[in-house]
Amino acid sequence: MNYKNISSNIKNFINTPIFKVLYIISLVITFCILLGTKQSLPELSYFELYYVLLTNPSFILFNYFLISLIASISFFYNINKRYSYIIRLKLKKEYLIYLLKNIWIINIFIFIIITLSCLILLNLFGNNFSLSMFVNYNIPNIIYIIYILVRLLLLCGFLSVISVLLLLLINNKIVIIANLLLYGMIKEQPIRFNLRTSLMDFTFWIGNYVIPDIYSSFLLDICCTSLFLVIITIITIIIFNVVLKNMKQVGD
């Protein structure tokens, strides 16, 4: 993998006006949510406030999923303009692997930038760094926060990869509209108040992993999430092979 090219791709994206605008909007949204939460629940500690942030649909969908999608699509179109480079990738499979590796790395980079920005903003509102237990699972809240972040990163990455693969198969407007509809459905999904108590309660609806459901145990939560990720990995592989089969030549 050519890390110099990847670094250049990341630098090119963060220097674009669209990223700068999205980043500023992200900071404003985060600040407003934190301010409103702290005013209504002033007793929340740093990590408790962060948990509230990570379960807010508006925050999650804009700061992570939408920005990741835009970054991935932007990279896809930019790399395809560099015809002199991509024609060196003689095999279609080589081109697709290069494309998807870059998308994962760009997603990780964007995820880190957004997360660090949120942690810095949290210092303005939550100065009590005491750890408490996440009562639903009886584990330290920092453990559950890390778990949520890892899951969000994987979900953002898979959705970005699938979206870019679909761009090679169908009209780009359809892909973008489908993503926006998906985000809208997740944001407006009804809150589930009942615990999921067994694997029989497993759901394939991605919204239940973006906005966390509560399970009867942390282990069951991990098992259901792992099963969902396995299924979405299989779907990604299938789409990858369909694209590989239907592509004409590299760069087409």
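All heavy atoms count here, side chains included; hydrogens, waters and symmetry mates do not. As the structure is a prediction and not an experimental result, all values here were calculated from the model.
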J.: Please round to the nearest 0.5 Å and tell me the distance separating atom CD1 of Ile103 and atom NZ of Lys101.
T.: 13.0 Å
J.: Tell me, do Tyr77 and Val164 make a side-chain contact under 4.5 Å, heavy atoms counted?
T.: no
J.: Kindly say whether Thr203 contributes a backbone atom to a donor-acceptor pair with the side chain of Tyr209 at under 3.5 angstrom?
T.: yes
J.: Check whether the side chains of Asp221 and Tyr137 place a donor and an acceptor atom closer than 3.5 Å, and report yes or no.
T.: yes
J.: Roughly how far, to the nearest 0.5 Å, is CG of Asn123 from CG of Leu34?
T.: 10.5 Å
J.: Counting N and O atoms only, with roles assigned by atom type, does the side chain of Ser40 sit under 3.5 Å from a partner on the main chain of Thr37, one being a donor and the other an acceptor?
T.: yes
J.: Under 6.0 Å between ring centres, would you say that holds for Tyr183 and Phe62?
T.: no
J.: What heavy-atom pair brings Ile139 and Ile143 nearest, and what distance separates the two atoms?
T.: CD1-CG2, 4.2 Å
J.: Roughly how far apart are Ser74 OG and Ile67 CD1, rounded to 0.5 Å?
T.: 12.5 Å
J.: Are Trp205 and Phe228 an aromatic pair by the rule of ring centers under 6.0 Å?
T.: no
J.: Ile97 and Phe240: which non-hydrogen atoms are nearest, and at how many Å?
T.: CG1-CZ, 4.2 Å
J.: What's the shortest heavy-atom distance between Ser68 and Asn107, and which atoms?
T.: CB-OD1, 3.0 Å
J.: Give a yes or no on whether the ring-centroid distance for Phe31 and Phe125 is below 6.0 angstrom.
T.: yes
J.: Do the side chains of Trp104 and Ile112 join up, straight or via other hydrophobic residues, at under 4.5 Å, putting them in one cluster?
T.: yes
J.: Looking at every non-hydrogen atom in both residues, tell me the closest pair between Leu149 and Phe111 and how far apart they are.
T.: O-CZ, 3.2 Å
J.: In Å and rounded to the nearest 0.5 Å, what is the CD1 to CG distance from Ile145 to Leu53?
T.: 9.5 Å
J.: Are the side chains of Leu69 and Leu159 in contact, using a 4.5 Å heavy-atom criterion?
T.: no
J.: A side-chain contact here means heavy atoms from C-beta on lying under 4.5 Å apart; do Cys32 and Val28 qualify?
T.: yes
J.: So do the side chains of Leu153 and Tyr64 get within less than 4.5 Å of each other, counting heavy atoms only?
T.: no
J.: Do the non-hydrogen side-chain atoms of Asn136 and Tyr144 ever get within less than 4.5 Å of each other?
T.: no
J.: Looking only at heavy atoms, which two atoms of Ile211 and Thr55 are closest? And how far apart?
T.: CG2-O, 4.1 Å
J.: Do Leu166 and Asn172 come within less than 4.5 Å of each other through their side chains, counting heavy atoms only?
T.: no
J.: Answer with yes or no whether the hydrophobic clustering places Val21 together with Phe59; edges join I, L, V, M, F, W, Y residues whose side-chain heavy atoms lie under 4.5 Å apart.
T.: yes
J.: Quick one: does Met133's side chain get under 4.5 Å of Pro140's, heavy atoms only?
T.: yes
J.: Is there a donor-acceptor contact under 3.5 Å linking the side chains of Asp201 and Tyr215?
T.: no
J.: Do Tyr50 and Phe47 make the cut of ring centroids closer than 6.0 angstrom?
T.: no
J.: Distance from Ile231 atom CD1 to Thr236 atom OG1, nearest 0.5 Å?
T.: 11.5 Å
J.: With rounding to the nearest 0.5 angstrom, report the CD1 to CG distance, Ile120 to Leu27.
T.: 9.5 Å
J.: Mind listing the closest non-hydrogen atom pair of Leu165 and Val243 along with its distance?
T.: O-CG2, 3.4 Å
J.: For atom CD1 of Ile18, decide whether the heavy atoms of other residues, nucleotides or ligands shown that lie under 6.0 angstrom number more than 12.
T.: no
J.: Under the 3.5 angstrom rule, does the side chain of Glu188 hit a backbone N or O of Met185 as a donor-acceptor pair?
T.: no
J.: Does the side chain of Ile148 come within less than 4.5 Å of Pro212's, by heavy atoms?
T.: yes
